[in-house]
Engineer: 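My questions will all concern the structure given below.
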Amino acid sequence: MQNPTATYRLQFHKNFGFEQLQSIIQYLVDLGVATVYASPVFKSVPGSTHGYDGLDPNQLNPEIGTLEQLKRITKKLRSQGVGWLQDIVPNHMAFNPENRWLRDVLEKGQHSEYAGFFDIDWNEKLMVPFLGNDLETVIAANELKLVTIDGKKQLQYYDSEYPISEIDTEGKNAGNVRQLLEAQSYRLCSWQETDSRINYRRFFTINGLICMNMHDPDVFNAYHQLAGNLVKEGVFQGLRIDHIDGLYDPATYLRRLRERCGDEVYITVEKILQPQELLPSGWEAQGTTGYDFLALVNNLLTNAAASQSFTDFYQQLTGDDIPVEMQVQNKKAQILHHHMRGELDNLADLFRQRDLVNKKSFAAVRTDDLREAIAEWLIHCPVYRFYGNMLPLEQHEADAVQQVFNKIKTQNPELVRAVGLLEEAILHYPHQGNRERNEQAAHFYKRCMQFSGPLMAKGVEDTLMYTWNRFIAHNEVGDQPSSFGIEVHQFHAAMQERQRQWPFTMNATSTHDTKRGEDVRARLNVLTDLPEYWFAKVNEWKEM
């Protein structure tokens with residue numbers, strides 16, 4: 001197995017492709033790089049600067065280069081002892097008409113062979129939320145036009161074209177846009193509507209990224225054709241799995257990937273671990289991409305003894321004395337109720353639609369209380385997600401979930417009955433051995449967990465880290481604002497445990513997601529060794 005030591009991450013885009021990489025290979029070798037850590041190289045939205053908005057996982061991005069170039073470059077790298085770790089994105093693709101799988105779905109709806117590829121609620125038409133206003137206003141302003149491109153009629157909205165299903169369009173013209181839309185399998189709507197309603201799973205709150213049903217074996221096989229072949233040919237020696245937490249069943253996904261790729265392929269997962277949280281031991285992977293190591297190093301270089309003085313000074317400076325744990329919950333609640341209400345409603349509807357609990361108990365709980373209980377469960381979840389894929393849960397996970405439920409009931413006595421429904425469905429009834437009910441309850445549980453991670457990311461990474469600034473060196477992806485230093489012996493113990501459990505896991509001090517580089521964080525860390533000097537300077541600047 002290729003052990004990706006001394007990795008060097010390359011961010012490919014139209015201005016840095018395989019040709020540009022060719023010109024710096026010797027430079028990388030001279031630096032001592034042993035593994036090229038490549039951003040996604042598969043076909044993505046034209047002009048993409050990152051590649052995580054994929055259009056086709058089985059074609060290379062023509063803006064980056066050709067398959068022949070890739071094979072030639074990796075062969076040259078291997079001759080110099082340099083391996084290739086490739087980033088793949090199985091959770092989502094671009095919601096874009098140039099995505100041929102999705103375009104077929106837009107044209108044919110549930111009759112498309114790809115209808116099951118995407119995580120869509122087909123109880124209604126697929127929302128296409130890219131209008132700048134509501135549909136009636138857009139039509140009235142003549143912003144939506146019927147055009148013919150390459151012999152096919154399409155609906156054009158500025159620089160976007162949406163396909164029209166094969167229906168009789170004789171006699172119809174641009175004035176019949178409304179009639180045409182009514183005949184489609186999708187519904188054009190304003191992007192603002194998705195704050196309160198959504199019928200497909202998104203990546204976080206990004207409407208332009210639609211998630212996939214990667215747990216379906218047919219989807220898995222179709223998606224991994226090219227990547228799997230390049231692994232077998234030795235072009236890729238390793239795979240980096242983007243956003244493992246978004247998958248319905250991460251453990252099963254990794255098992256299938258291992259079966260496809262073989263034991264000699266290095267597999268690492270993008271995963272943010274909370275303090276004291278452990279990576280599931282049964283995963284078929286070598287470890288994580290290293291956010292956890294980043295956090296450990298960042299805390300090692302922070303003087304823990306200065307924690308209270310920094311906290312006191314920040315509270316004095318800002319007047320903000322709300323505990324950070326409460327602020328995490330507040331931010332998650334704000335995101336959930338103002339930007340992800342549609343996802344929350346979908347989860348509540350899913351619970352109501354399944355026969356998961358005693359009918360008498362269910363009837364005694366108001367619909368709004370059930371929705372709020374689910375919301376509080378997601379808000380209080382202490383980690384990005386739990387990973388149980390069947391019920392009953394393993395005891396350690398059941399205990400963790402029970403602790404969350406107990407906390408909610410203590411803080412929200414009015415939700416005791418509603419939380420009781422969740423306890424019945426997830427923790428109590430599964431021990432009765434009703435296989436069908438357990439499968440239904442496990443489905444609800446995993447759907448909640450697919451949503452828990454994005455809520456944590458949006459609430460903490462994208463919100464709290466910009467609003468609570470006691471010490472911004474720890475407002476970092478992988479680390480967390482509430483952290484403030486560890487002792488040297490704790491770091492050594494963590495490294496020993498890391499060597500025992502995950503000897504091939506990656507150790508990163510910076511990633512493409514970090515908000516500040518190592519040099520900036522190192523300079524900030526120094527301030528914790530001279531807090532009084534720092535506080536005096538801040539007060540001086542405040543007076544100025």
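Hydrogens, waters and symmetry mates play no part in the numbers below; they use all other heavy atoms, side chains included.
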Engineer: Hey, are the side chains of F118 and F95 touching, using non-hydrogen atoms and a 4.5 Å cut-off?
Structural biologist: no
Engineer: Specify whether H13 and F16 have parallel, tilted or perpendicular ring planes, treating 30° as the upper limit for parallel and 60° as the lower limit for perpendicular.
Structural biologist: tilted
Engineer: Hey, does Q22 have a side-chain heavy atom less than 4.5 Å from the side chain of Q69?
Structural biologist: no
Engineer: Classify the ring geometry between Y52 and H512 as parallel (under 30°), tilted (30 to 60°) or perpendicular (over 60°).
Structural biologist: parallel
Engineer: Kindly determine whether D349 and R354 satisfy salt bridge (Lys or Arg N to Asp or Glu O under 4.0 Å), including the steps that lead there.
Structural biologist: CA-CA 9 Å; D349 289 343; R354 308 296 169 111; over 6 Å; no
Engineer: H92 pairs by ring pair (Phe, Tyr, Trp, His ring centres under 6.0 Å) with which of Y200, F117, F204, F203?
Structural biologist: F203
Engineer: Consider ring pair (Phe, Tyr, Trp, His ring centres under 6.0 Å). Of H243, H224, H215, which one does Y253 pass it with?
Structural biologist: H224
Engineer: Less than 3.5 Å apart, which donor and acceptor atoms pair up between the side chains of residues 455-462 and the rest of the protein, not counting sequence neighbours?
Structural biologist:
{"residue": "K458", "atom": "NZ", "partner": "D462", "partner atom": "OD2", "Å": "3.3"}
{"residue": "E461", "atom": "OE2", "partner": "Y384", "partner atom": "OH", "Å": "2.5"}

Engineer: Please work out whether the ring planes of Y248 and H443 are parallel, tilted or perpendicular, with thresholds of 30° and 60°.
Structural biologist: tilted
Engineer: Judged by atom type as modelled, is there a donor-acceptor pair below 3.5 Å linking the side chain of R103 to the main-chain atoms of Y162?
Structural biologist: no
Engineer: So do L239 and C261 actually touch side chain to side chain, heavy atoms under 4.5 Å?
Structural biologist: yes
Engineer: Mind checking whether F18 and W84 have parallel, tilted or perpendicular rings, split at 30° and 60°?
Structural biologist: perpendicular
Engineer: Using a strict threshold of under 4.0 Å (side-chain N to carboxylate O), is an ion pair present between D245 and K271?
Structural biologist: yes
Engineer: Only pairs at least two apart or in different chains count here, so list each salt bridge (Lys or Arg N to Asp or Glu O under 4.0 Å) that has a residue in residues 33-48.
Structural biologist: none
Engineer: Hey, could you give me each pair passing salt bridge (Lys or Arg N to Asp or Glu O under 4.0 Å) that has a residue in residues 52-71? Not counting sequence neighbours.
Structural biologist: D56-R100, K71-E233
